[in-house]
Amino acid sequence: MDADLTLIAQRIAQAEGTGELNLEGISLREIPPEIQDLRHLRSVFLAGTGLRVLPPWFGNLKSIQVLDLAANPLKGFPNAILGLHNLQQLGLAGTGIVQLPDRIVELRQLEALVLSGNNILYMPLQICELPNLRFLDLGDNQIEDLPPEFHKLTWLTHLYLNGNPFRSVPEALRTARTLRVLDLSRTGQAGLPSSVVQIAGACALRRPPGQTENKYKPLTTLPNWLFSKLRQLEYLYLGNHALYQLPPSLPMLHNLVGLFIAGNRVGFPGALLQLAKIQYLDLRDNGITVAPQGLDRLSALRYLDLRQNDLPVPPEILEKPHEAPSIVDYLARVATNTRPLNEAKLLVVGEGSVGKSSLIRRLVRDDFDPHESKTEGIDITRWKLMVDDTETTLNTWDFGGQEIMHATHQFFLTRRSIYLLVIDVRQGEEQNRVEYWLKLIQTFSGGSPIIIVANKGDQAILDIDQRGLKNKYPDIVGIVTTSCMRATGINELRRLLTDTVRDLPHVRDLLPSAFFEVKEQLEEMESDYISIEDYEQLCREQGILSRGPQEALVGFLHDLGTVLCFRDDPRLADTHILNPSWVTGGVYRILNSHLAAQRKGLLRWNDIDKILDSREYPADRRLFIVDMMRRFELCYEAEGMFLVPDLLTKEEPDTGDWSNSLAFNIKYDVLPSNIMCRLIVRMNDAISMGTVWRNGVVLAMDFNRALVKADREDAIVTILVSGSAGGRRGLLTAVRSQIRSIERTMPGLTGTELVPVPDKPDIWVPYRHLLDLEAAGRPTVVPQGLVNDYSISSLLDGVEDPLERASSMANAANAAVDQDPTPAAENTKLNKKMLMWGIIGACAGVVAIPVSMGIALWTETKDENLPARPPVVESSGPPTSGLSPSQEISLSPSPSQSVKPTTRKPSK
């Protein structure tokens, strides 16, 4: 592609001045011959370029010290490499190489060698003849043992053997007394998903973790000598084996900084408390059932992961392992004065007039009012339910079913909850919008159980595909037919609710008594809201001093419905601790008001005064309610008026001619009704000539116009952009960026972006798929339903400038690190950029490891002022060393040589 050629030329020109050539991810048929003129080239990064061979002249580039050929289908070990006598670091991960030539011993300066993911059967003996080798990655191969010659590697400090079928710990490791990092994990770095940040030499081009999990038998025991002989170990990875205990020599690892043993069954080894230098402990999924005590003795501990253990501890406490002091403080508290929580949240949702309020009345009071009024917003009731002779409180939230209120429901759909989806048995699945509600719950609930209640069963027979719904939505725990008028099915529903509460995780968690003191004071307060600062002071008065437990407490009080506090939502993070009934009542009073509907969502301040004219909302507090609506992105202010998009007319106005426009679609499984409302609020400054209605808007920017509208039934957002080519792309990017930002506030919601085929406007191709094909070097695509080839670049060029797209693809790894891609513990896409960044720094004289990527290294001279290497952590981000990304940490050279430090920084 022309853009690739331009980018290659740019990178070669840059290399003339920097000495670094980075062509990662750019499709190459061969090495550009212009490279042979770069006589001062020190670092070459060619990972994922599709190369099969290196030309003979490549061996004449004698100044090369770093070479990365990972993820290329090499035909064998390139002989040209043997001419690079100054080579210090060589990356051959995922290249299919299974043998090394005898002459590799000529690379006497080689300090780092990465051979992971190559199906190697035996450790090549030639490796043992490399006199300065300090870093060796043989992970994800098929090596069953290490050769006796292994003892020759007298300077080896980093050894990665994860994902190999060892039947026992190789005896050859007895002599590896210089090792500081040893990875014997069964899969990946301690079995962590590949989406997490990897560190200090971990090769990100290994196979996705879990690929070998069922192929090789796990280790069941460890030899005592592993700890007694390898006393210099600082980081030890033993994840995903079947270990039931650790050798008694564990306390002999006096220098151990990080121990990663997730996925075993060792419980909590008491000997850990003797490891004075330990900073990072990964004990996930180890069968720990009793809260460990004594951890306060580990004064250096900064990362503690106890998740996936059956501990009577709220998940909010454990879900931030990088806040180890807060976890330790909480565990110490629950060892003394505790009480069981015995509380959960019951959310009752569904369309209007299906009988939600009558159902709650029948469940709680066991009576029926034929004249029950409809719910105007949310009604909150505390229901005492006996579960196994223990009184359990269900905070029951009855949601109004009117469409205008669907936009705000998402703010209150939380974890630690049970959902009742109430439908009218007289109506079909489509009228009850069963799948709409199930998908909405699935998006926000975090896997909470769902009970479908088919109400008004005295008037018709339930006719829905029960088996199909249960298969499609596994969180459904039951479907019950009821009649509130005749009280039929109510006892069955109560029994099912009782069983569901019993099985609900963490309902009976033990909480420190201080937590209950704070909770009860919040429940008894007459004020409708308090500031975050006042809440923190209240916690301190009860002895809850750390920020972690304070945030955990308010987090699960929010989930329980005791208070509202949106600390995880950047739009609402600085709001107060709110009384749920007060704030929801005010918001819904405005949304449901006859005056707001009459004025089509255009309100003035005097209108707000009329709507909230009551003692409950005095004049000085009405601004707070409106401010919450702004923060919820339910309204915006313009020219002295408040506009509520969800109250605008549904009628689409005449927006003009959009033929020959750039078209783009975003398809959802379910389209929450508030996405368009929030987009309108966010981009209200760009609205063209006031052209806005409930489901759409026309935007203008730099002489370009965009029509954005939502089809809620088909769950599609359509974007049409007119104007100049460059301007259209810019405006489209702005709209897409805002929609993606909105999606990130809705866990589980991600739309599929679609690009139309030029001469087939009804045929759409996934945008992400086109990017992947282009990255793989495919020039054309056959869209589904068609037989002709279409140019991928022509489909993509209208959406994004081709040169910018090529550059962003080549630097995708840098962007992935900078943006900390999250959600996605199961994401198996690999970060190519980290192959050589991982090994740089493990070798003498090479510096500039980006600490922001979780890579920090140490000197051989045991400088206590240098940060220890942080562990592999999840997408919330690794513990940092306190250095900025631009700061550098160096390693002193091995005694056999003196090397002038070089620098490797991420490409921009």
Side-chain angles (χ1 to χ4, degrees), residues 1 3-12 14-15 20-32 35 43-55 58 64 66-78 80-81 89-97 112-119 137 139-140 194-195 197-198 201-209 211 768-779 792-793 796 805-818 821 827-840 853 904 906-908:
M1 190 174 69
D4 278 347
L5 295 176
T6 303
L7 185 60
I8 291 169
Q10 290 178 348
R11 296 289 175 86
I12 292 176
Q14 292 171 359
E20 175 188 313
L21 178 63
N22 183 359
L23 299 178
E24 289 185 18
I26 301 175
S27 180
L28 300 175
R29 296 181 180 178
E30 59 182 17
I31 298 284
I35 293 176
S43 303
V44 181
F45 300 91
L46 298 170
T49 55
L51 290 174
R52 292 181 172 271
V53 296
L54 292 182
F58 195 86
I64 292 180
V66 179
L67 176 61
D68 178 8
L69 292 171
N72 286 305
L74 298 180
K75 292 183 177 180
F77 186 92
I81 293 177
Q89 301 145 26
L90 176 59
L92 295 169
T95 55
I97 289 177
L113 179 60
V114 178
L115 290 168
S116 58
N118 281 317
N119 292 319
D137 186 349
D140 290 320
S194 61
S195 60
V197 180
Q198 303 205 24
C203 173
L205 288 177
R206 293 170 177 168
R207 298 171 187 170
Q211 201 163 311
R768 180 72 255 174
H769 179 57
L770 292 174
L771 290 177
D772 291 341
L773 290 175
E774 185 178 56
R778 294 279 296 275
I792 291 175
S793 62
L796 291 174
R805 187 171 70 251
S807 180
S808 64
M809 289 167 59
N811 292 304
N814 279 338
V817 171
D818 293 339
N827 178 16
T828 58
K829 293 184 179 179
L830 301 175
N831 186 345
K832 297 178 181 178
K833 180 61 65 179
M834 296 189 63
L835 166 68
M836 296 306 295
W837 285 6
I839 65 175
I840 298 171
M853 296 178 64
R904 160 82 165 115
S907 302
K908 297 295 182 185

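As the structure is a prediction and not an experimental result, all values here were calculated from the model.
Interatomic distance, CD1 of I35 versus CD1 of I64, reported as 8.5 Å (0.5 Å rounding). From S793, atom OG reaches atom CG of L773 across 12.0 Å, with rounding to the nearest 0.5 Å. Summarising the geometry, atom CG belonging to D137 is positioned 11.0 Å from atom CG belonging to L92; distances are rounded to the nearest 0.5 Å. To the nearest 0.5 Å, atoms CZ (F45) and CD1 (I26) are separated by 13.5 Å. Here the CG-NZ distance, from L54 to K75, works out to 12.0 Å after rounding to the nearest 0.5 Å. Remark: N22 CG to I12 CD1 distance equals 12.0 Å, nearest 0.5 Å.
Taking both residues in full, the closest heavy atoms of T95 and L69 are given as CG2-O, 3.2 Å, listed atom of the first, atom of the second, then distance. Residue L46 comes nearest to N72 through the heavy atom pair O-ND2, 2.9 Å, listed as atom of the first residue, atom of the second, then distance. Summarising the geometry of F58 relative to V44, their closest heavy-atom pair is CZ-CG1, 4.4 Å, with the distance given to 0.1 Å. The two residues P55 and A80 come nearest to each other via the heavy atoms O-CB, 3.5 Å. Taking both residues in full, the closest heavy atoms of P73 and L51 are given as CD-O, 3.4 Å, listed atom of the first, atom of the second, then distance. Heavy-atom minimum distance, L21 versus R11: CD1-O, 3.7 Å.
Every residue was checked against the side-chain contact (heavy atoms from CB on, under 4.5 Å) condition with P779, not counting sequence neighbours, and none meets it.
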